[in-house]
Amino acid sequence: MALTGRAALLAALGSLPVGLLEPSWTGILAVNGALGLACAVDYALAAPVRRLTLTRSGDSSVRLGEPAQVHLTLANPGTRPLRARVRDAWPPSSWPPGTEADASRHTLTVPPGERRRITTRLLPTRRGDRRADRVTIRSYGPLGLLARQGTHTVPWTVRVLPPFTSRKHLPSRLARLRELDGRTSVLTRGEGTEFDSLRDYVPGDDTRSIDWRATARQDKVAVRTWRPERDRHILICLDTGRTSAGRVGDAPRLDSAMDAALLLAALASRAGDRVDLLAHDRRTRAQVQGRSAGDVLPAFVNAMATLEPELVETDSRTLVSTILRNAPRRSLVVLLTSLDAAPTEEGLLPLLPRLTQRHTVLLASVADPRVEEMATSRGTLDAVYEAAAGTQSQAARRRTAEQLTRHGVHVVDATPDALAPALSDAYLALKAAGRL
């Protein structure tokens, strides 16, 4: 039960003349007694809340930054019309700050025996599952003095997927892949290491590609065409330990690593390679294996949606063992982790020989653009200290990268905006060189 502002206003207006002209308990009771009777009648005429039937429909998944619509259908099985104010409660991160009150509250009227649908528009600000909270309904009588109030639990979950902002780089990398595959209209042969077919020699072809046996059997000079290696295994490993929780700009490092992993997965699946995913810190948090080319990207996005950085130190020994167990044959292992000196030198470096002797290892790390800004600061005493700190941090990352390179690891160190295309370029370079 809820008292409305109209009832409080009528009570104040009715008591004011009594208090000014003839203050007495009798006058106050006379005014408020009539108001109380009107409230009781209004409450009795309001539609019961508990009998209402509520169902949901609408979007069950949405990319971060895009709107989602969830429909709530209210059925009124009673004999009285429902005049209601409805609050459809969701977690605070389901809307931008300050917009929850307008987005979650609805006013509607449902005649007896009918149903009406309201739509709650969500605009999530974080990844993960957003689960609907209680639906609170306030049913008013015809006078609008007193209202029945109750809550219903109507479950619904909207999964907020990673935004995949690096998708814009995919067409240019696919064009480069087609060039490697020899399908573009150029005079040079397609790069790669797997024999594809024979064709007639044209000026500009590499003479080393001439097939002399085929030339001897025909009147024209024949050259071999090649294509990049196909059906290779790529294992993308996301480090979800404490270093992935560090914020670079407005997002954690893990989000930038996810974006780079999605672009690489989309590109590699189009190239005919098999792509798997492993998210690990002290234990495996998510895993995608054995998906077809058409299912790789949806599976990756769905597995990454609920991933969050864990404030624990990554167990490198367990991570390497898990990688070797999931990649028994030679593969390209892509480690999306930190280049910080302490966790890399103490945890990962001693174990790298176990990986590099069996697999090609590519390590990608998110660099902080603020450090680059600090390294170029000048003009004030504080700026000089910032420049010294930034330069020292950059030198430490370069030393760590050099150590990894000496162990046979290919290193990509780039800012969040540049990491995804840089990682894809490194993959294409390895593919063109036949290093997968």
### Query
Thinking salt bridges, do Asp88 and Arg56 make one under a 4.0 Å N-O criterion?
yes
### Query
Looking only at heavy atoms, which two atoms of Leu64 and Arg127 are closest? And how far apart?
CD1-N, 4.1 Å
### Query
Would a 4.5 Å heavy-atom cut-off, applied to side chains only, mark Leu423 and Leu263 as touching?
no
### Task
Return the minimal non-hydrogen interatomic distance between Ala46 and Arg80, and the atom names on each side.
O-NH1, 3.5 Å
### Query
Between Thr240 and His280, is there a donor-acceptor pair closer than 3.5 Å when you use the side chain of the first and the backbone of the second?
yes
### Task
Look at the side chain of Thr391 and the backbone N and O of Ala388, then say whether any donor-acceptor pair between them is shorter than 3.5 Å.
no
#### Entry: More than 12 heavy atoms from other groups under 6.0 Å of CZ on Arg105
yes
### Message
With a 4.0 Å cut-off on N to O distance, would you call Glu179 and Arg176 a salt bridge?
### Response
yes
### NZ/NE/NH1/NH2 to OD/OE distance under 4.0 Å, Asp425 and Arg173
yes
### Task
State whether a side-chain donor-acceptor pair under 3.5 Å links Ser365 with Arg397.
yes
### Message
I'd like to know whether Leu267 forms a side chain to side chain contact (heavy atoms under 4.5 Å, CB included) with Leu428, so could you lay out the CA-CA distance, the side-chain angles of the two residues, the decisive distance to 0.1 Å, and finally the verdict.
### Response
CA-CA 9 Å; Leu267 180 61; Leu428 290 174; 4.0 Å; yes
### Query
Looking only at atom types and distance, does a side-chain atom of His359 sit under 3.5 Å from a main-chain N or O of Ser331, one as donor and one as acceptor?
yes
### Task
Assess whether side chain to side chain contact (heavy atoms under 4.5 Å, CB included) is satisfied between Ile323 and Leu335, documenting all intermediate values.
CA-CA 10 Å; Ile323 291 173; Leu335 287 173; 3.8 Å; yes
### Message
So Val371 and Gln394, do their side chains get closer than 4.5 Å, heavy atoms only?
### Response
yes
### Message
For Arg134, is the CZ atom crowded, meaning more than 12 foreign heavy atoms sit under 6.0 Å from it?
### Response
no
### Query
Between CD of Glu402 and CG of Leu404, what distance do you get to the nearest 0.5 Å?
10.0 Å
### Summary
On a heavy-atom basis, the closest approach of Arg138 and Ala147 is CG-CB, 3.4 Å
#### Entry: Closest non-hydrogen atom pair, Val160 against Arg63
CG1-C, 4.4 Å
### Query
Is the backbone of Ala341 close enough, under 3.5 Å, to the side chain of Thr344 for a donor and an acceptor to pair up by distance?
no
### Message
Is it true that, when you exclude Gln392 itself, more than 12 heavy atoms of the residues, nucleotides or ligands shown sit nearer than 6.0 Å to its CD?
### Response
no
### Task
Flag yes if more than 12 heavy atoms outside Arg282 fall under 6.0 Å of its CZ atom; otherwise flag no.
yes
### Message
If only side-chain N and O atoms count, and only distance matters, is there a donor-acceptor pair under 3.5 Å linking Thr120 with His106?
### Response
yes
### Summary
Taken to the nearest 0.5 Å, the spacing of Arg325 CZ from Leu278 CG works out to 9.0 Å
### Query
Taking atom CD of Glu346 as the centre, does the number of heavy atoms from other residues, nucleotides or ligands within less than 6.0 Å exceed 12?
no
#### Entry: Audit row: Ser244, Asp239, side-chain hydrogen bond (donor to acceptor under 3.5 Å, both in side chains) steps and yes/no
CA-CA 7 Å; Ser244 66; Asp239 181 359; 5.4 Å; no
### Query
Side-chain contact, heavy-atom cut-off 4.5 Å: Leu262 with Met304?
yes
### Query
Hey, are the side chains of Asp259 and Phe164 touching, using non-hydrogen atoms and a 4.5 Å cut-off?
yes
### Query
From Arg83 CZ over to Asn76 CG, what is the distance, rounded to the nearest 0.5 angstrom?
10.5 Å
### Query
For Arg358, does its backbone N or O pair with a side-chain atom of Arg330 as donor and acceptor, under 3.5 Å?
yes
### Query
Below 4.5 Å, heavy atoms only, C-beta onward: do Asp276 and Val288 meet side chain to side chain?
no
### Message
Does any part of the side chain of Val409, heavy atoms only, come nearer than 4.5 Å to the side chain of Leu355, both counted from C-beta?
### Response
no
#### Entry: Minimum heavy-atom distance between His71 and Gly58, given as atom pair plus value
CD2-CA, 3.9 Å
### Task
Applying side chain to side chain contact (heavy atoms under 4.5 Å, CB included), run through Thr322 and Thr284 and close with a yes or a no.
CA-CA 8 Å; Thr322 306; Thr284 299; 4.0 Å; yes
### Task
Any chance you could measure Leu52, atom CG, to Ile137, atom CD1, to the nearest 0.5 Å?
5.0 Å
### Task
Quick one: do Glu345 and Thr400 satisfy side chain to side chain contact (heavy atoms under 4.5 Å, CB included)? Show the steps, please.
CA-CA 7 Å; Glu345 294 176 0; Thr400 304; 4.0 Å; yes
### Message
Does either side chain, that of Thr157 or that of Asp129, offer a donor lying less than 3.5 Å from an acceptor on the other one?
### Response
no
## Note on the structure
Output for pair (Asn326 CG, Gln289 CD), nearest 0.5 Å, gives 4.5 Å
### Message
Tell me the closest heavy-atom pair linking Ser104 and Glu100, and the distance in Å.
### Response
OG-O, 2.8 Å
### Query
Do the side-chain N and O atoms of Arg285 and Thr306 include a donor-acceptor pair separated by under 3.5 angstrom?
no
### Query
Would you say Leu351 and Leu319 make side-chain contact, with heavy atoms under 4.5 Å?
no
### Task
Measure from the side-chain N and O atoms of Asp368 to the backbone N and O of Val248, and report whether any donor-acceptor pair falls under 3.5 Å.
no
### Query
Does Ser94 reach the main-chain N or O of Leu122 with its side chain, forming a donor-acceptor pair under 3.5 Å?
no
### Task
Starting at CZ of Arg274, measure out to CG of Leu235 and round the result to the nearest 0.5 Å.
11.0 Å
### Donor-acceptor contact present, side-chain Ser377 to main-chain Met374, <3.5 Å
yes
### Task
Give a yes or no answer on whether the side chain of Trp156 reaches the backbone of Thr55 with a donor-acceptor pair at less than 3.5 Å.
no
### Query
So does Arg317 have more than 12 non-hydrogen atoms from other groups sitting under 6.0 Å from CZ?
no
### Query
For Arg126, does the CZ atom have more than 12 heavy-atom neighbours from other residues, nucleotides or ligands under 6.0 Å away?
no
### Message
If you define the side chain from C-beta out and look only at heavy atoms, does anything of Glu386 sit under 4.5 Å from Arg370?
### Response
yes
### Ser338 backbone acceptor or donor facing Arg253 side chain under 3.5 Å
no
